[in-house]
Amino acid sequence: MGKKITAFLPYSGNNYTLETVNELFGTGYVDKVYLLSQLNADDKFDDIEILKVNNLFGSETIKLITKNTSTNFALFLTQDTKINFGQFSLERFIDVAETTGAGIIYSDYHEVKNKKRNVHPVIDYQLGSIRDDFNFGPLLFFSKELLQKAQTNNKTVYNFAGLYNLRLNISRYHPLVRIPECLYTKVESDLRKSDEKLFDYVNPRNREVQIEMEAAATEYLKKIGAYLEPKFEQIDLDECNFENEASVIIPIKNRVETISDAVESVLRQKVNFPFNLIVVDNHSTDGTTKILKEYADKDKRVIHIIPKRFDLEIGGCWNEAVHHKNCGRFGIQLDSDDIYFNDNTVQKIVDLFKKEKCAMVIGTYKLTDFNLKELPPGIINHQEWTPDNGRNNALRINGLGAPRAFFIPLLRKIKIPNVSYGEDYAIGLAVSRRYQIGRIYDVLYLCRRWEKNTDAALSIEKQNANNLYKDRLRTFEILARQKYNSAKNIK
């Protein structure tokens with residue numbers, strides 16, 4: 001039995017790291033184990049060398065891994081956690097690597113959380129899996145040959161984005177292959193619910209990391225011909241006549257607890273133009289319909305729509321409003337859980353449309369609980385969006401911000417996907433391909449987090465389905481941008 005693997009594990013002084021090391025040696029396939037440590041530790045171990053690193057995912061760490069891999073393959077554990085290897089699991093990694101020529105191999109795994117063991121499937125990598133938070137699981141398996149090749153072609157040094165940059169470069173030439181089998185078990189220490197992790201990447205403490213991730217993603221998009229220069233097509237905001245200058249659009253189903261707050265926050269708006277509120281009530285059964293009917297009877301600005309169709313998701317409800325005869329020139333989003341921050345939100349958005357002649361406007365919001373008490377990380381302003389590079393960076397992240405507003409004639413041409421997750425992201429990507437998106441960094445919107453949010457406490461399977469869909473949207477968009485750039489170059 002040949003020893004074909006060099007293993008690299010993060011080490012912060014935990015005993016379970018050494019338990020994982022013993023498991024690795026016990027397989028008979030591991031020739032050498034290195035511990036990657038950010039500590040100034042004096043620990044010494046037989047047959048184990050400690051490599052001092054500044055950041056686990058920096059370029060210097062990747063160089064150390066490449067330099068010290070003395071076997072055909074490198075195993076990189078990216079989380080400081082206990083790992084138990086499944087029956088013949090390393091043989092499976094080796095076999096798939098040798099037979100497919102993959103640049104990186106990863107697999108599903110079991111997860112022990114709150115002393116309960118569950119299957120944790122991951123998803124297949126595709127062209128649109130460019131986001132830096134793609135979940136490979138904690139174990140990455142590399143071909144030494146391709147690891148060296150990627151390092152030879154990579155000249156940029158990153159403090160935080162080294163691993164991200166590496167996998168982007170590898171993916172240009174070789175597949176990143178998922179084995180849909182649980183080949184190991186990890187002990188999970190992050191016990192937060194899915195909705196509590198949503199905003200990690202926009203936490204101000206991570207800003208330095210995000211800047212590097214953007215640089216790596218932009219470099220990659222340039223290499224594959226999907227980068228867009230900061231040149232935009234012009235919008236004629238007066239191309240159509242509208243009775244109302246703006247329409248606030250709320251798609252809703254069964255939100256009797258929150259809809260009055262949302263509607264009242266719209267009706268309080270102070271503007272210098274005519275506007276209305278279009279609420280698309282997707283066959284509510286909890287009393288929401290009665291409340292909306294009462295508002296519509298009292299105030300002619302409230303248009304209460306109950307669709308004839310029964311197959312509509314959030315995107316389809318938006319389409320109902322956008323194509324309604326009374327829809328205004330600009331459509332402004334408000335979710336049925338949430339409220340506008342103050343009474344000049346609509347005016348601010350319309351003013352920016354007219355000032356910058358943009359096709360879409362995205363604002364800033366504050367996270368709160370149901371009672372409007374601020375939740376961390378507080379204000380979400382998506383500073384990663386810049387006029388010069390925002391539409392390229394949009395392919396790296398999972399959302400563009402809120403509230404969102406659109407120039408309705410353009411939205412009527414594009415059409416919104418009839419889904420309840422990612423529909424706004426799809427439109428943002430499509431609009432940004434050709435047109436400028438305006439940004440407002442003042443808080444416009446209070447985003448209430450409570451147990452009935454659609455993204456609260458999602459199962460792994462639902463999280464995977466959501467991520468797979470957004471990756472697919474990014475795949476569509478990268479292909480569209482490559483085609484768009486090719487057409488411009490031909491001209």
Establish, yes or no, whether a centroid distance under 6.0 Å links the rings of [X] and [Y].
X: W318; Y: F406; result: yes
X: F141; Y: F93; result: yes
X: Y184; Y: H110; result: no
X: F134; Y: F136; result: yes
X: F341; Y: Y365; result: no
X: F407; Y: F353; result: no

Student check: side-chain heavy atoms of F330 and S247 closer than 4.5 Å: no
Measure from NZ or CZ of R178 to the centre of the six-membered ring of Y106 and say whether it is under 6.0 Å with the direction within 45° of the ring axis.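 No, a cation-pi geometry is absent between R178 and Y106.
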Could you check whether any side-chain N or O of [X] sits under 3.5 Å from a backbone N or O of [Y], counting only pairs where one atom can act as donor and the other as acceptor?
X: R396; Y: R131; answer: no
X: N114; Y: K116; answer: no
X: N276; Y: N326; answer: yes
X: N244; Y: A246; answer: no
X: T345; Y: L444; answer: yes
X: R439; Y: H382; answer: yes
X: Q482; Y: I224; answer: yes

Hydrogens and angles aside, do [X] and [Y] bring a side-chain donor and acceptor to less than 3.5 Å of each other?
X: T386; Y: R391; answer: no
X: D286; Y: T288; answer: yes
X: E214; Y: N389; answer: yes
X: N467; Y: N464; answer: no
X: R474; Y: Y425; answer: yes
X: W450; Y: D337; answer: yes

I'd like to know if [X] and [Y] make a salt bridge, using a cut-off of under 4.0 Å between side-chain N and carboxylate O.
X: R448; Y: D369; result: no
X: K298; Y: E294; result: no
X: K355; Y: D351; result: no
X: R117; Y: E111; result: no

N169 and Y220: side chain to side chain donor-acceptor pair (under 3.5 Å), yes or no, with the steps? CA-CA 7 Å; N169 284 327; Y220 169 73; over 6 Å; no
For the residue pair [X] and [Y], what are the closest heavy atoms and their distance?
X: A150; Y: L166; result: CB-CD1, 3.6 Å
X: A216; Y: Y164; result: CB-CD2, 3.8 Å
X: I408; Y: G328; result: CG1-O, 3.1 Å
X: H304; Y: A296; result: CB-CB, 4.1 Å
X: S336; Y: T258; result: O-OG1, 2.7 Å
X: C317; Y: V280; result: O-CG2, 3.4 Å

So among D471, I123, T475, which one has a side chain to side chain contact (heavy atoms under 4.5 Å, CB included) with S129?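 Output: one option passes, namely D471.
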Output, in order, the C-alpha distance, side-chain angles, deciding distance and verdict of side chain to side chain donor-acceptor pair (under 3.5 Å) for K186 and Q79. CA-CA 10 Å; K186 66 164 283 193; Q79 296 176 19; 2.6 Å; yes
Looking at K348, R268, K270, which hits salt bridge (Lys or Arg N to Asp or Glu O under 4.0 Å) with D343? K270
For Q333 and D424, what are the C-alpha separation, side-chain angles and deciding distance, and is it a side chain to side chain donor-acceptor pair (under 3.5 Å)? CA-CA 10 Å; Q333 168 250 348; D424 50 347; over 6 Å; no
Should the pair Y109 and H120 be assigned to parallel (<30°), tilted (30 to 60°) or perpendicular (>60°) ring geometry?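 Plane angle under 30°, so parallel.
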Determine whether E313 and Y421 satisfy the following criterion, side chain to side chain donor-acceptor pair (under 3.5 Å), listing intermediate values before the conclusion. CA-CA 9 Å; E313 302 288 339; Y421 178 83; over 6 Å; no
